[in-house]
Amino acid sequence: MPKTITLLGSTGSIGTQSLDVARMQGYRVLGLAANRRLDVLLPQIAEFHPRYVAVVDPAACEQLEAELAGQPDAPVLLKGAEGLVQLAAMEGADVVLNAVVGIAGLDASLATIESGHDLALANKESLVTGGHLVTDAVQRHGVHLLPVDSEHSAIFQCLQDAHSAKTLEKILLTASGGPFYGMTTDQLRGKTRADALKHPNWSMGAKITIDSATLMNKGLELIEAVWLFGLPEDKIQIVVQRESIIHSAVQFADHSIIAQLGVPDMRIPIQYALTWPERLPSPVPELDFTALTHLSIGTADEETFRCLAACKKAIRKGGLGPCAANGANEEAVALFLQDKIGFLDIGRLVEGVVDSDSFGGDYTLADVHECDRMARAWVRAHL
Ligand code: NDP
Ligand code: MG
């Protein structure tokens with residue numbers, strides 16, 4: 001039987017690559033969700049014939065409703081942020097892939113798990129902002145949480161041998177270093193949106209591309225790894241691997257290290273999350289070892305890239321610390337993309353929020369959203 005998937009964030013970079021995988025594997029699509037880009041969503045509806053479509057943006061919703069009116073086989077339209085959550089919980093999918101960007105994906109991740117579905121997770125912000133809510137729900141409902149993020153997929157792949165996994169001692173989380181690797185604070189000062197949007201190895205959505213330039217992405221991924229693999233922050237070492245060939249590695253009790261390698265193409269981790277525990281043929285080209293002249297390794301400069309330092313502080317504080325760091329970053333990146341703040345302001349604002357409170361203790365979903373709102377307000381008040 002072919003799998004049936006629901007895909008949240010279908011119009012984005014991960015979303016469209018997920019549909020490449022679905023096309024190749026002959027998967028059925030139960031539901032698609034996007035925010036507003038109907039020019040991308042409409043052809044997806046025509047090709048994959050989902051039973052449900054969720055659109056969050058109200059104007060786009062209205063426009064799609066008009067486009068679909070009178071079509072006999074039109075999908076059911078689910079509206080707004082509530083529609084996204086309804087779609088995540090809809091019966092009939094074998095797995096829900098969440099490729100929404102930002103904390104906007106959190107409620108849908110929880111709805112997926114609470115309705116008993118396996119969750120293939122690209123939306124790292126779900127784990128960063130609501131890590132204990134997500135992991136508790138996974139335990140309670142006995143579903144699988146399958147990482148899509150390339151580094152976390154690599155670590156997950158390295159841990160498939162359960163005997164070795166029990167002796168996991170350390171994670172080597174690789175980072176490309178982004179477009180500004182090796183630069184000083186002075187060199188970063190004048191960097192523009194156009195400079196920051198040029199990633200050396202990956203073509204991704206705008207927000208994560210900026211996060212890669214500030215190293216916030218690696219900070220978010222460190223927090224994501226803490227929640228996914230249960231090691232403390234100081235057992236996760238960040239290693240710069242400029243070519244993005246080594247996607248991460250794990251070290252066991254005997255100090256043996258196992259790494260996962262491949263060309264930088266997200267369709268490998270996306271497909272593995274959807275086919276796990278099986279492996280199936282992929283359209284991704286093989287890694288040509290004869291053309292690999294060298295693999296460069298380096299360290300991440302936390303003194304210069306303050307977002308990474310701030311994320312480490314945030315996870316050490318615990319509680320809502322990571323949520324506050326994430327909210328500040330989402331707000332600051334949006335402002336940077338509108339040319340309203342400079343590149344270095346992002347790190348200053350994220351670190352400022354993390355330093356502004358202790359953030360400790362247990363939290364509810366309502367607390368997470370309140371903390372996110374407060375972090376964004378703090379950023380706007382400290383421009
Ligand atoms: P994109 O910006 O390319 O796509 C984001 C998707 O989310 C789009 O479908 C967008 O819809 C939708 N969306 C945006 N805002 C909302 C909202 N408020 N409610 C519902 N849907 C919304 O991002 P990426 O695909 O690059 O990244 C998606 C996630 O995957 C992020 O969490 C990122 O960190 C993670 N990730 C991405 C990688 C990559 O290679 N791109 C690698 C590893 C992880 P619309 O298009 O209509 O605006
Ligand atoms: Mg990644």
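For this chain, numbers begin at 1 and follow the sequence in order. Whatever order the structure lists ligands and atoms in, that order sets their numbers, starting from 1. The shown structure was predicted, so the numbers you read here are calculated from the model rather than taken from an experiment.
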Novice: Going by heavy-atom distance to atom 37 (C) of ligand 1, choose the closest among Leu7, Asp107, Ile14.
Specialist: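 Looking at heavy atoms only, the winner is Ile14.
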Novice: Looking just at side-chain N and O atoms, do Gln160 and Trp276 make a donor-acceptor pair shorter than 3.5 Å?
Specialist: yes
Novice: Of all N, O or S atoms in Glu221, identify the one at the shortest distance from the Mg ion (ligand 2).
Specialist: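 The Glu221 atom nearest to the Mg ion (ligand 2), restricting to N, O or S, is OE2.
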Novice: Please write down residue, atom name and distance for the protein heavy atom closest to atom 19 (N) of ligand 1.
Specialist: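 Nearest neighbour among protein heavy atoms for atom 19 (N) of ligand 1, to 0.1 Å: Val56 CG2, 3.5 Å.
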Novice: Show, in sequence, the C-alpha distance, side-chain angles and deciding distance for Asp136 and Arg140, and conclude whether the salt bridge (charged side-chain N to carboxylate O under 4.0 Å, His left out) test is met.
Specialist: CA-CA 6 Å; Asp136 284 0; Arg140 269 202 323 280; 5.3 Å; no
Novice: Any ion pair linking Asp265 and Arg267 (charged N to carboxylate O, less than 4.0 Å)?
Specialist: yes
Novice: To which protein heavy atom is atom 40 (O) of ligand 1 closest, and what is the distance rounded to 0.1 Å?
Specialist: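 Answer for atom 40 (O) of ligand 1: Met204 CG, 3.2 Å.
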Novice: Regarding Thr184 and Gln187, do their side chains bring together a donor and an acceptor under 3.5 Å, going by distance alone?
Specialist: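 Side-chain D/A pair, Thr184 to Gln187: present.
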Novice: Taking just the N, O or S atoms of Asp149, which one is nearest to the Mg ion (ligand 2)?
Specialist: OD1
Novice: Which single N/O/S atom of Glu151 lies at minimum distance from the Mg ion (ligand 2)?
Specialist: OE1
Novice: To check your reading of the model: name the closest protein heavy atom to atom 2 (O) of ligand 1, its residue, and the distance in Å.
Specialist: Gly205 CA, 3.9 Å
Novice: Kindly assign one of parallel, tilted or perpendicular to the pair Phe343 and Phe336, based on the angle between their ring planes and the thresholds 30° and 60°.
Specialist: perpendicular
Novice: Would you give the length of the straight line joining atom CD of Glu302 to atom CD1 of Ile238, rounded to the nearest 0.5 angstrom?
Specialist: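 Between Glu302 CD and Ile238 CD1, I get 6.5 Å after rounding to 0.5 Å.
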Novice: So if I count the atoms of ligand 1 from 1 in the order they appear, which ones are less than 4.0 Å from some heavy atom of Arg37?
Specialist: 45 (P), 46 (O), 47 (O), 48 (O)
Novice: Among Val128, Asn35, Ile103, which one has a heavy atom closest to atom 13 (N) of ligand 1?
Specialist: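 Among Val128, Asn35, Ile103, the closest heavy atom to atom 13 (N) of ligand 1 belongs to Asn35.
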Novice: Could you tell me whether the side chains of Ser282 and Gln271 share a donor-acceptor contact shorter than 3.5 Å?
Specialist: no
Novice: Heavy atom to atom 21 (N) of ligand 1, shortest distance: which of Asp149, Val148, Val100 holds it?
Specialist: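 Heavy atom nearest to atom 21 (N) of ligand 1 belongs to Val100.
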Novice: Identify the two heavy atoms, one from Asn98 and one from Ser126, that lie closest to each other, and give their separation to 0.1 Å.
Specialist: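 Closest heavy-atom pair between Asn98 and Ser126: ND2-OG, 4.2 Å.
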Novice: Write out the residue and atom name of the closest protein heavy atom to atom 3 (O) of ligand 1, then the distance separating them to 0.1 Å.
Specialist: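 I find the closest protein heavy atom is Ser13 N, 2.9 Å.
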Novice: Would Lys207 count as a contact residue for ligand 1, given that I'm defining contact as a non-hydrogen atom of the residue lying under 4.0 Å from a ligand atom?
Specialist: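 No; Lys207 lies far enough from ligand 1 that no heavy-atom distance drops under 4.0 Å.
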Novice: Decide side-chain contact (heavy atoms from CB on, under 4.5 Å) for Leu97 and Leu121; before the verdict, give the C-alpha distance in whole Å, the side-chain angles of both, and the deciding distance to 0.1 Å.
Specialist: CA-CA 6 Å; Leu97 198 164; Leu121 189 64; over 6 Å; no
Novice: Where on Ala99 is there a heavy atom closer than 4.0 Å to ligand 1, on the side chain, on the backbone, on both, or on neither?
Specialist: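 Only the backbone of Ala99 comes within reach of ligand 1.
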Novice: Do Gln139 and Thr135 meet the criterion of a side-chain donor-acceptor pair at a distance under 3.5 Å?
Specialist: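 The criterion, which ignores hydrogens and geometry beyond distance, is not satisfied for Thr135 and Gln139.
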Novice: In terms of residue, atom name and distance, what is the protein heavy atom nearest to atom 5 (C) of ligand 1?
Specialist: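 Atom 5 (C) of ligand 1 sits closest to the protein heavy atom Val101 CG1, 3.7 Å.
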Novice: Side chains of His132 and Asp362: donor-acceptor distance under 3.5 Å anywhere?
Specialist: no
Novice: Provide the number and element of each atom of ligand 1 under 4.0 Å from a heavy atom of Asn123.
Specialist: 32 (O)
Novice: Do Glu169 and Lys235 sit within salt-bridge range, that is, some charged N less than 4.0 Å from a carboxylate O?
Specialist: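 Looking at Lys235 together with Glu169, the answer is no, because their closest N to O distance does not fall below 4.0 Å.
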Novice: Looking only at protein heavy atoms, which one is nearest to atom 33 (C) of ligand 1, and how far off is it?
Specialist: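 That would be Ile208 CD1, 3.9 Å.
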Novice: Taking atom CG of Asn329 and atom CD1 of Ile210, what is their separation to the nearest 0.5 Å?
Specialist: 10.0 Å
Novice: Around atom 4 (O) of ligand 1, find the nearest protein heavy atom and jot down its residue, atom name and distance.
Specialist: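 Sorting protein heavy atoms by distance from atom 4 (O) of ligand 1 puts Gly12 CA, 3.2 Å first.
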Novice: Just to be sure I read this right, does ligand 1 sit under 4.0 Å from the backbone of Thr11, its side chain, both, or neither, counting only heavy atoms?
Specialist: both
Novice: Heavy-atom contacts under 4.0 Å between Ala60 and ligand 1: side chain, backbone, both, or neither?
Specialist: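 Ala60 to ligand 1: no contact under 4.0 Å from either part.
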Novice: Would you mind finding which of His199, Arg36, Met266, Glu125 brings a heavy atom closest to atom 47 (O) of ligand 1?
Specialist: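 When every heavy atom of His199, Arg36, Met266, Glu125 is considered, Arg36 comes closest to atom 47 (O) of ligand 1.
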Novice: Under 4.0 Å from any heavy atom of Gly9, which atoms of ligand 1 are there?
Specialist: 6 (C), 7 (O), 9 (O)
Novice: Can you pull out the closest protein heavy atom to atom 17 (C) of ligand 1? Residue, atom name and distance to 0.1 Å, please.
Specialist: Ala104 CB, 3.7 Å
Novice: What pairs with His49 under ring-ring contact (aromatic ring centres under 6.0 Å, His included), at least two apart in sequence or on another chain?
Specialist: none
Novice: Which of the numbered atoms in ligand 1 are below 4.0 angstrom from a heavy atom of Ser10?
Specialist: 9 (O)
